[in-house]
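By convention in this document, chain letters (A, B, ...) are assigned in the order of the sequence lines, proteins followed by strands, and residues within each chain are numbered from 1.
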2 protein chains.
Amino acid sequence: MRVLLIEDDTALGAAIRDQIAADGHSVDWMGRLDEARDALATAAYDLVLLDLMLPDGLGIPFLKALRARGDVTPVIILTALDQVSDRISGLNAGADDYLVKPFDLAELSARIGSVARRYTGNPNPIVTLGPLEIDLAARSVRLNGKPVVLTAREWVLFQAFVQRPGQLLSKSQLEERLYSFDQEIDSNAIEVHVSRLRKKLGAHVIETERGLGYRLGRP
Amino acid sequence: MRVLLIEDDTALGAAIRDQIAADGHSVDWMGRLDEARDALATAAYDLVLLDLMLPDGLGIPFLKALRARGDVTPVIILTALDQVSDRISGLNAGADDYLVKPFDLAELSARIGSVARRYTGNPNPIVTLGPLEIDLAARSVRLNGKPVVLTAREWVLFQAFVQRPGQLLSKSQLEERLYSFDQEIDSNAIEVHVSRLRKKLGAHVIETERGLGYRLGRP
DNA sequence: CGCAAACTGACCGCCACCTGACAGGCGCCG
DNA sequence: CGGCGCCTGTCAGGTGGCGGTCAGTTTGCG
C-alpha cells in the first residue's frame with residue numbers, strides 16, 4: 001500500500017514513516033502542502049496521513065479542495081489540537097478518521113490496517129438505502145443492482161447526504177462542501193446537481209425542504 | 001439546552017433569541033464580550049453563538065482565549081464578513097460552525113440541532129403529546145408513528161403551541177410570532193393555518209377559546 | 001332566535017425550485 | 001497539436017407548492 005504522509009515535525013514524521021514502513025507499506029513523506037499537492041498530482045496513493053498545521057497552510061482547506069476535486073483517497077487526520085471542533089470540521093471536510101497527538105504508533109498501525117482492509121480486503125461496507133447500494137469506500141452506487149456512474153461533483157454531493165442520513169442540509173452547507181472558499185457561486189448549481197442526481201438515482205432519493213434545503217429521502 | 005448568544009445588534013439578537021427559545025432551548029443574550037465572559041464564568045452552556053464584531057472587541061481572540069482555557073463548549077460563529085480569512089481563522093480558532101449574515105433563522109435552528117445531536121451523541125429529545133411525537137430540533141412530527149409534513153408557517157405556529165403546552169395564545173400573539181412587525185395582516189390567516197394544522201394533526205390538537213384565542217389540547 | 005366569531009373549501013398570485021439547453025473548459029487520445 | 005467528448009456552471013422558461021384572501025357556512029353564546 002502506498003501512503004502519503006504530510007507532517008512537518010521531523011521527529012514525529014520520521015517515527016511515523018518508520019512505523020508504516022515496518023508494517024510493509026511504502027511511504028512518501030512531505031513537510032509542506034504544496035509538495036503534497038505535487039505528489040498527489042503525480043502518483044496514486046492508497047492513504048493520506050494529514051497533519052492539520054503545516055508551514056504553508058492548514059490541512060482542512062487542503063482536504064476540502066481535495067474532496068471537491070472528487071478525490072476519494074482515504075485520509076486520516078493527525079492533529080495536536082485535542083479539540084472536538086477540529087475533529088468535527090475534519091470529518092465534515094471528508095476525512096475518514098483522525099488521530100490525536102500524541103498517539104501510540106501501534107494505534108496508528110491498527111488504523112492503517114483497518115483502512116487497508118477496507119480498501120484491499122474483500123468485503124467493503126455497503127450502505128443500503130431502499131433500492132440503492134452505496135459502497136463509500138469504492139465510490140460506487142448501484143440502483144436495483146445496476147451500477148450507476150456518478151461524476152466527481154455528483155459523488156461529493158451524494159456522499160454529503162449519505163454520511164448524514166436524514167439530516168437537513170442547507171444549500172450553503174452543500175456549497176461549502178462542493179466548493180473551496182475562494183469560489184463564488186451565485187447560481188443554482190446545487191439545484192442542478194440535485195436534479196442530475198435524482199435523474200440518475202431516482203426522484204425520491206433526495207427530498208426538498210422548501211426554503212431550508214435538502215435531505216436524504218426515507219426509503 | 002442552554003445557549004449563550006453574543007450579539008450587539010438588538011434587532012437581530014432579539015430575532016435569534018426568540019427563534020432559539022421557540023426551539024425549546026433557554027437563551028442568555030449578551031451584547032458585549034465582557035458580559036459574555038462573566039456569563040461563561042458563572043454558568044455552564046451547551047452552545048455559544050458568537051458575533052465577530054462586538055463593541056468591546058473581536059470575537060476571534062475571545063474564542064481563542066476560551067479554547068486556550070480548555071473550554072470545549074461548541075461555538076457557532078455569526079459573521080457579516082463573508083471573507084475567506086475570517087471563516088478560516090474562525091474555524092482554526094476552534095469554532096464548530098459558522099453562519100454568514102444574513103442567514104435564515106430556520107437554518108440557524110437546523111445547525112443548532114445538528115450541534116446538539118453531535119455533542120450529546122443521542123437522537124434529539126422527543127416531545128410526546130398523545131398520538132403525536134414532536135422532534136423540535138429536527139423539525140419533524142409524527143402522528144401515530146407516521147411522519148407528517150408541515151410547511152414553514154405551519155411549523156412555526158405549531159411550535160408556538162408545543163413550546164407552551166396548555167397555555168392560551170391570542171391571535172395577536174400568534175400573528176406576532178408568524179409575521180414581522182411591519183407586515184399588516186387584516187384577515188383570518190391564523191384561523192386558516194389553525195384549520196390546516198387540525199386537518200393534518202387531528203382536530204383535537206388545538207382547542208378554540210372563543211373570543212380569546214387558542215391553546216394546545218390535552219390529549 | 002340573532003349576532004358575532006370561527007371554520008373551511010376554494011381561489012389565485014408569487015416565489016422557490018426544477019429542468020432542458022447551451023457553452024466554456026479540461027482531459028484524453030490519436 | 002488538433003479534435004472530440006464529458007463535466008459542470010449558467011440561464012431561462014416552466015410549474016407546483018405555499019400561503020393570504022374571500023365567501024359561504026357553522027358554531028357558540030346571550
**Asked** Phosphate oxygens OP1/OP2 of D/dG19: is one of them under 4.0 Å from a side-chain N or O of B/Thr151?
**Response** yes
**Request:** Return the value, rounded to whole Å, for the distance between atom CG of A/Leu212 and atom P of C/dA16.
**Result:** 12 Å
**Request:** Do nucleotides 22-30 of chain D as a string where each nucleotide becomes B, S or -: B if the base has a protein heavy atom under 4.0 Å, S if just the sugar-phosphate does, - if no protein is that close.
**Result:** BB---BB--
**Fill in**
Atom CD of A/Glu209 and atom P of C/dC18 are separated, to the nearest Å, by 12 Å
**Request:** Verify, without hydrogens or angle tests, whether B/Asn144 (side chain) and B/Lys146 (backbone) share a donor-acceptor contact under 3.5 angstrom.
**Result:** no
Polar pairs (N or O, both sides) under 3.5 Å between protein and nucleotides 25-28 of chain C?
none

**Asked** What are the two closest heavy atoms between B/Trp29 and B/Glu7, and how far apart are they?
**Response** NE1-O, 3.0 Å
**Set of residues satisfying side-chain hydrogen bond (donor to acceptor under 3.5 Å, both in side chains) with respect to B/Ser195, sequence neighbours excluded** = none
**Message:** Using the side-chain heavy atoms of B/Arg153, tell me which of these nucleotides is nearest: C/dC17, D/dG20, D/dT8.
**Reply:** D/dG20
**Asked** Where the side chain of B/Tyr214 is concerned, which of D/dT8, C/dA6, C/dG20 is the nearest nucleotide?
**Response** C/dA6
**Prompt:** At what distance, to the nearest 0.5 angstrom, does CG of B/Leu4 lie from OH of B/Tyr45?
**Reply:** 5.0 Å
**Message:** Distance check needed: D/dG17 C1' versus B/Leu150 CG, whole Å only.
**Reply:** 15 Å
**Prompt:** Between B/Lys199 and C/dG9, does any side-chain N or O lie under 4.0 Å from OP1 or OP2?
**Reply:** yes
**Request:** Give a yes/no on whether any side-chain N or O of B/Tyr179 is located under 4.0 angstrom from OP1 or OP2 of D/dG19.
**Result:** no
**Protein-nucleotide distance (B/Leu197, atom CG; C/dC7, atom P), rounded to Å** = 12 Å
**Pair A/Lys171 + A/Glu175: basic N to acidic O under 4.0 Å** = no
**Message:** Between A/Asp56 and A/Arg32, does any side-chain N to carboxylate O distance fall below 4.0 Å?
**Reply:** yes
**B/His193 side-chain proximity, nearest of D/dG9, D/dG19, C/dC17** = D/dG19
**Asked** Whole-Å distance between D/dG17 P and A/Glu207 CD?
**Response** 14 Å
**Contact check, side chains of A/Tyr179 and A/Arg153, non-hydrogen atoms, under 4.5 Å** = yes
**Request:** Provide, to the nearest angstrom, the distance between the CD1 atom belonging to A/Ile206 and the C1' atom belonging to C/dT19.
**Result:** 15 Å
**Message:** Check this for me: does the side-chain of A/Arg196 come within 3.5 Å of the base of D/dG9 through a donor and an acceptor?
**Reply:** yes
**Request:** Kindly say whether A/Gly31 contributes a backbone atom to a donor-acceptor pair with the side chain of A/Glu35 at under 3.5 angstrom?
**Result:** yes
**Message:** A side-chain contact here means heavy atoms from C-beta on lying under 4.5 Å apart; do A/Val75 and A/Val48 qualify?
**Reply:** yes
**Request:** Rounded off to whole Å, could you give me the CD1-to-P distance for the B/Ile190 and C/dA5 pair?
**Result:** 17 Å
**Request:** State whether a side-chain donor-acceptor pair under 3.5 Å links B/Arg164 with B/Gln173.
**Result:** no
**Request:** Using atom CZ of B/Arg198 as one end and atom C1' of C/dG9 as the other, report the distance to the nearest whole Å.
**Result:** 15 Å
**Prompt:** Should B/Thr208 be listed as having a side-chain N or O under 4.0 Å from OP1 or OP2 of C/dA5?
**Reply:** no
